[in-house]
2 protein chains.
Amino acid sequence: MRMSTKAQYAVRAMVNLNLHSGGSPVTLRDISLRESISLTYLEQLFVKLRRGNIVKSVRGPGGGYLLARPAREIQVDEIIDSVEESLVPVSCMDQKNGCVCDDQCVTHNVWHGLAERIRQFLASITLADLTEEAQRKLTQSNS
Amino acid sequence: MRMSTKAQYAVRAMVNLNLHSGGSPVTLRDISLRESISLTYLEQLFVKLRRGNIVKSVRGPGGGYLLARPAREIQVDEIIDSVEESLVPVSCMDQKNGCVCDDQCVTHNVWHGLAERIRQFLASITLADLTEEAQRKLTQSNS
DNA sequence: AAATTAATTGACAGTTTTGCTCAGGTATGT
DNA sequence: ACATACCTGAGCAAAACTGTCAATTAATTT
């Protein structure tokens, strides 16, 4: 039961982006340096984040990435969904229409309930929450 | 974010064991046949379940496995712990003493909170719950 | 128009984890 | 003694994970 580093990277990168963007585009190179994540790997992640309507890109000099929506409206579960990290604990429940084994599987309800809790929790946290927290930690360590 | 099949098998096997044991030992061979899980794989799982004080073994002819404690006192999270399936979503939090990055990691609280929810949910379900549910489903389909 | 910057994309490779088998062993009841 | 059934460790194939490399496209500045 591990959250992949891909998902962890994506969340970290998004917080960093929001933290250092004053409304102007942030380059992946900057995020790469600050978060010690390989630039090319970040590129992969941001393609997916863009498709997931989490960020939008600005090309050319002075370009980079911006939030596609206000940070308050971006939930952590959306970020993870975008990088194609399933939040459902068992594979038979990948399709939204539920799995066939509803009746037979004794353990079905366990995993279904678990999936709900995970989703619920990660949806309750927004990028704004995390950014504010990061801001607090930053000012603390600078004092 | 997947629950490994190992953990899924372990839970299924435990329900099946409890369902078909009338106080007498149940052989892995029986569970293997009923749940379509490889016998040798089950053997591996049950070594760990025994070490985790979930089951106890009876050797020799007529032997097999028994619950080490009443089903009401066996929680699903204990079963999963026994087969060495980490319930903590990120590796830096494997040790109980917490990870070093408490202060730096912005995302630390997210994963920590998630881990708590997962643990809390799986601890709220006992083997007795699952067995009763299985019993219900069984009698329903037989009517 | 040319050069520069930076996003975009696809292929692919090394490593780790997972899921499972095989080949033995050991203990216990009859 | 012998059958039963637990016990153990080695090993292996497939998948997933974590990236890298190479090449392209698009926008901006000069």
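Convention: sequence-line order gives letters A, B, ...; per-chain numbering from 1.
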Original post:
Does any pair with a residue in residues 3-38 of chain A pass ring pair (Phe, Tyr, Trp, His ring centres under 6.0 Å), and if so which ones, sequence neighbours excluded?
Top reply: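 Listed once each, the pairs are A:Tyr9-A:Tyr41.
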Subject >> Where at least one partner belongs to residues 57-78 of chain B, residue pairs that pass ring pair (Phe, Tyr, Trp, His ring centres under 6.0 Å), sequence neighbours excluded >> reply: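 Qualifying pairs: B:Phe46-B:Tyr65.
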Subject >> Heavy-atom side-chain proximity of B:Leu127 to B:Leu67 below 4.5 angstrom >> reply: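 In short, these two side chains touch, coming nearer than 4.5 Å.
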Original post:
Are B:Ile118 and A:Arg117 side-chain neighbours, meaning at least one heavy-atom pair lies under 4.5 Å?
Top reply: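 Of all side-chain heavy-atom pairs linking A:Arg117 with B:Ile118, none is under 4.5 Å.
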[X] [atom1] to [N] [atom2]: how many Å, rounded?
X	N	atom1	atom2	answer
A:Arg2	D:dT18	CZ	P	11 Å
B:Leu42	D:dC6	CG	P	10 Å
B:Asp30	D:dC6	CG	C1'	14 Å
B:Arg29	D:dT4	CZ	C1'	11 Å
A:Gln8	D:dC17	CD	C1'	12 Å
B:Lys6	D:dA15	NZ	C1'	15 Å

Subject >> Members sharing A:Val58's hydrophobic cluster (side chains within less than 4.5 Å) >> reply: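 Once heavy-atom contacts under 4.5 Å are chained together, A:Val58 belongs with A:Leu66.
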**OP:** Hey, which sits more toward the 5' end of DNA chain C by its nearest nucleotide, A:Met1 or A:Thr27?
**Re:**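 This one resolves to A:Thr27.
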[X] (side chain) donor-acceptor with [Y] (main chain) under 3.5 angstrom:
X	Y	value
A:Ser32	A:Ile37	yes
B:Ser21	B:Asn18	no
B:Gln8	B:Met3	yes

Original post:
So, is A:Tyr41 close to the D:dC17 phosphate, meaning a side-chain N or O under 4.0 Å from OP1 or OP2?
Top reply: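 For A:Tyr41, the contact criterion (side-chain N or O under 4.0 Å from OP1 or OP2 of D:dC17) is not met.
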With 3.5 Å as the limit, what N/O pairs link the protein to nucleotides 7-11 of chain D?
{"unit_1": "D:dC7", "atom_1": "OP1", "unit_2": "B:Arg50", "atom_2": "NE", "d": "3.1"}
{"unit_1": "D:dC7", "atom_1": "OP1", "unit_2": "B:Ser57", "atom_2": "OG", "d": "2.8"}
{"unit_1": "D:dC7", "atom_1": "OP2", "unit_2": "B:Tyr65", "atom_2": "OH", "d": "2.3"}
{"unit_1": "D:dC7", "atom_1": "N4", "unit_2": "B:Glu43", "atom_2": "OE1", "d": "3.3"}

**OP:** Could you tell me from which nucleotide to which nucleotide of DNA chain C, 5' to 3', there is an atom under 4.0 Å from chain A heavy atoms?
**Re:**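 Range of nucleotides touched by chain A: C:dT5 to C:dT9.
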**OP:** Between B:Leu28 and A:Thr5, just flag the one whose closest nucleotide in DNA chain D comes earlier from the 5' side.
**Re:**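 Going by which nucleotide is closer to the 5' end, it is B:Leu28.
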Subject >> Results of salt bridge (Lys or Arg N to Asp or Glu O under 4.0 Å) for B:Glu43 - residues two or more places apart only >> reply: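 Applying salt bridge (Lys or Arg N to Asp or Glu O under 4.0 Å) to B:Glu43 gives none.
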